[in-house]
Amino acid sequence: MTATANWAQTGGQPRIAIIGAGMSGLAAVVKLRRAGYTDITVFEKAAEVGGTWRENQYPGLSCDVESHWYSFTFNPNPNWSHRFAYGPEIQDYMIETADKFDIRSVTRFQEEVVDLTYAEPIWKLTTKKGTETFDVVISATGVLHKPAYPSIKGLKSFAGPCFHTARWDTALDLSNKRVGIIGTGSTSAQIIGAITHKVQHMTVFQRTAQWIAPLPQRQYAAWEKALFRIFPFLLKLSYHWKYFMFRRVFAPATVGNKLLQKMISSICLRHLEKGVPDPELRAKLTPTYQALCKRLIFCSDFYPAISRPNATLVTEAIEKITPQGIVTKDGVEHELDVLVLATGFDSSAFILPTKVTGRNGTDLATVWGQAPRAHRGVGLPDFPNFWMLEGPTSPIGNLSLIMISEHQVDYVISLLDEMRRLRLNYIVPAQSAYEAYNDDMSQQINKTVWVTGGCDSWYIDASGQPNLYAYPPTTYLKDMHRLDLAEFEYGPPPNRIAAE
């Protein structure tokens, strides 16, 4: 099959490739079809849809965004079992969405994209099964999909099971095991809360104390779910209410509202005092930076778990890993049977390590280095007709990524509509617009808690700044529906170009 350069001129269908069948990829297929774009092929490296919810299977996994808000607008779910859904249920929801909207019929599973090369005005897409051509490529690989492993002397020497949280060994029985976990982020907090009471001993290696807020978890009653099924408008009301509350509290706090920052800090400190009765342990768990500087953790199980007699919090830096366990800088060897790496992901990867080559041989990995940026989170100069969902500088924070993805798909659709209306064969962010946008982000980000809060976080890349959207999320979502062609370069199609 081939892509043709004059699809917009003739009113035909652009051939669209979507890379990834996770949350963003599913949203893209449904919304593109509804907008009239039906020649779609999804390339998925794994054997199932779901993305991060397929990859992560660790104990205690749940979402920190409320279920009714963490749902597709085109597929509201009245049957969520809890206010904050657990991982397996979210994965089931992703599978149900794929089946309901016939997404599998256009998805090629276990077919990883290894190369994308722009051959004006089409893209050559290569997998291990061969090369095809497409008019438009949409990267839906997500933000956090490439596990980051710590650079610690002796890591490979550990004699027992050792794995990253995103590669959890579900067959492993942890009962009567001495478990060590490196890291105290959201994933670690959930795991510690879920398994500490089951293991012989839990040793937690903490580099930085975290701000943790209680998770107001609860199970929905059967009558509540019945009401949501009978009266669908209640689901819409719940969706928008939860977004409204986020807008009024967390969003302003991250971009500078001092009063709300203090309020959130107070809530977290009360949670810490209530959950950790030992003053010495509580002191070790008290952060020395402003709340929200790092991603806020919502977890009600962590403090009771770390306070158990069979749990130890280690704040000494790690010197090395041995076959028997971990040696800290004070010379103590902590003997372990199992070592868990809760060390996060490479937040600068995005579509990489796929090789992407744009106009004039421009290499995406070289352009980005370790500080990826994009125009409005979706596009790049020198990469025509190539769009990203949840790309660099997209809002992250505690906003629902499903909501972000849907709005970004709408933005891509508006670009395709303009291509059809103006009979274009390419459209690409102008270098000047890209630089102006990111210069503005660079200046504005210095006013946010991610910079002023006095912490180091995974948000910060090689530029020395957080790779985040610097204004309130509402501004970004509105901008996704205000396409300005002055920010782009575009050109008319040749008579016809058939790809190889």
Side-chain angles (χ1 to χ4, degrees), residues 1-19 28 32 35-41 113 115-126 131-140 351 354-364 366-368 372-389 391-392 408-439 479-500:
M1 297 177 68
T2 60
T4 56
N6 66 346
W7 69 268
Q9 193 171 38
T10 63
Q13 284 287 335
R15 209 166 172 240
I16 302 173
I18 298 173
I19 304 174
L32 282 165
Y37 299 99
T38 57
D39 190 349
I40 299 168
T41 304
V113 177
D115 187 275
L116 284 168
T117 300
Y118 185 64
E120 188 175 0
I122 51 89
W123 282 92
K124 292 183 178 181
L125 181 151
T126 302
T131 299
E132 296 183 45
T133 56
F134 292 88
D135 299 294
V136 176
V137 175
I138 299 174
S139 172
I351 191 174
T354 300
K355 184 172 176 57
V356 184
T357 307
R359 287 191 304 199
N360 305 315
T362 304
D363 177 66
L364 181 59
T366 301
V367 170
W368 274 351
R373 293 294 182 267
H375 182 62
R376 301 202 177 278
V378 297
L380 286 159
D382 289 325
F383 294 85
N385 306 338
F386 172 77
W387 311 110
M388 294 172 287
L389 306 178
Q408 290 179 332
V409 173
D410 291 341
Y411 192 77
V412 173
I413 288 171
S414 66
L415 287 162
L416 293 173
D417 288 345
E418 287 302 296
M419 289 184 73
R420 175 168 282 164
R421 182 179 71 86
L422 299 174
R423 299 184 175 186
L424 306 175
N425 77 308
Y426 78 90
I427 186 167
V428 64
Q431 183 70 34
S432 57
Y434 165 84
E435 291 177 358
Y437 178 81
N438 285 288
D439 286 347
D479 285 345
M480 289 291 94
H481 296 272
R482 295 189 291 219
L483 177 64
D484 183 0
L485 281 180
E487 298 175 359
F488 295 86
E489 297 175 4
Y490 46 87
N495 292 331
R496 182 180 182 86
I497 293 181
E500 297 176 4

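- The minimum heavy-atom distance between Pro392 and Pro372, with the atom names listed, is CB-O, 3.4 Å.
- Remark: side-chain polar atoms of Asn385 are paired, donor with acceptor, to backbone N or O of Ile427 under 3.5 angstrom.
- Remark: Thr362 engages no residue in a side-chain hydrogen bond (donor to acceptor under 3.5 Å, both in side chains) (not counting sequence neighbours).
- Residues passing the salt bridge (charged side-chain N to carboxylate O under 4.0 Å, His left out) test with Asp115, sequence neighbours excluded: none.
- Note on residues 428-439: no pairs pass salt bridge (Lys or Arg N to Asp or Glu O under 4.0 Å), not counting sequence neighbours.
- Here Ala140 pairs with Ile18, Ser24, Leu389 under the side-chain contact (heavy atoms from CB on, under 4.5 Å) rule; sequence neighbours left out.
- With sequence neighbours excluded, the residues satisfying ring-ring contact (aromatic ring centres under 6.0 Å, His included) with Tyr437 are His375.
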task: In sequence, state the C-alpha distance, the side-chain angles, and the governing distance for Leu116 and Leu364, and then conclude on side-chain contact (heavy atoms from CB on, under 4.5 Å).
output: CA-CA 10 Å; Leu116 284 168; Leu364 181 59; over 6 Å; no
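- A distance-only check finds a donor-acceptor pair linking the side chain of Arg15 to the backbone of Thr133 [under 3.5 Å].
- With values rounded to the nearest 0.5 angstrom, Phe386 atom CZ is found 5.0 Å from Ser139 atom OG.
- For Trp123 and Tyr118, the ring centers are positioned less than 6.0 Å apart.
- In terms of heavy atoms, Pro381 sits closest to Ala430 at CG-O, 4.2 Å.
- When all heavy atoms of Ile413 and Ala35 are compared, the pair lying nearest together is CG2-CB, 3.7 Å.
- Between Ile40 and Leu32, the closest side-chain pair of non-hydrogen atoms falls below 4.5 Å.
- Judged purely by atom type and a 3.5 angstrom limit, Trp368 uses its side chain to pair as donor or acceptor with the backbone of Arg373.
- A heavy-atom distance below 4.5 Å is found between the side chains of Ile16 and Leu416.
- Of all heavy-atom pairs spanning Asn425 and Pro121, the tightest one is ND2-CB, 2.8 Å.
- Under the side-chain hydrogen bond (donor to acceptor under 3.5 Å, both in side chains) criterion, Thr126 pairs with Thr131, sequence neighbours left out.
- Inter-residue side-chain proximity for Met419 and Trp7 is flagged as met; some heavy-atom pair is nearer than 4.5 Å.
- Residues passing the side-chain contact (heavy atoms from CB on, under 4.5 Å) test with Thr357, sequence neighbours excluded: Thr117, Lys355.
- The side-chain heavy atoms of Phe134 and Thr41, taken from C-beta on, include a pair separated by under 4.5 Å.
- For the salt bridge (charged side-chain N to carboxylate O under 4.0 Å, His left out) test, no residue two or more places apart in sequence or in another chain qualifies with Arg420.
- Every residue two or more places apart in sequence or in another chain that forms a side-chain contact (heavy atoms from CB on, under 4.5 Å) with Ser414 is listed here: Tyr411, Leu483.
- In this structure, the side-chain hydrogen bond (donor to acceptor under 3.5 Å, both in side chains) partners of Tyr37, at least two apart in sequence or on a different chain, are Asp417.
- Ala374 and Met388 make their closest contact through CB-CE, 3.7 Å (heavy atoms, listed as atom of the first residue, atom of the second, distance).
- Within the structure, salt bridge (Lys or Arg N to Asp or Glu O under 4.0 Å) contacts touching residues 375-386 (residues at least two apart or in different chains) are Arg359-Asp382, Arg376-Asp479, Arg376-Glu487.
- Every residue two or more places apart in sequence or in another chain was checked for a ring-ring contact (aromatic ring centres under 6.0 Å, His included) with Phe383, and none qualifies.
- Listed for the Glu132 side chain is no donor-acceptor partner under 3.5 Å among the backbone atoms of Leu125.
- Of all the heavy atoms in Thr38 and Gln13, the pair that sits closest is N-OE1, 3.0 Å.
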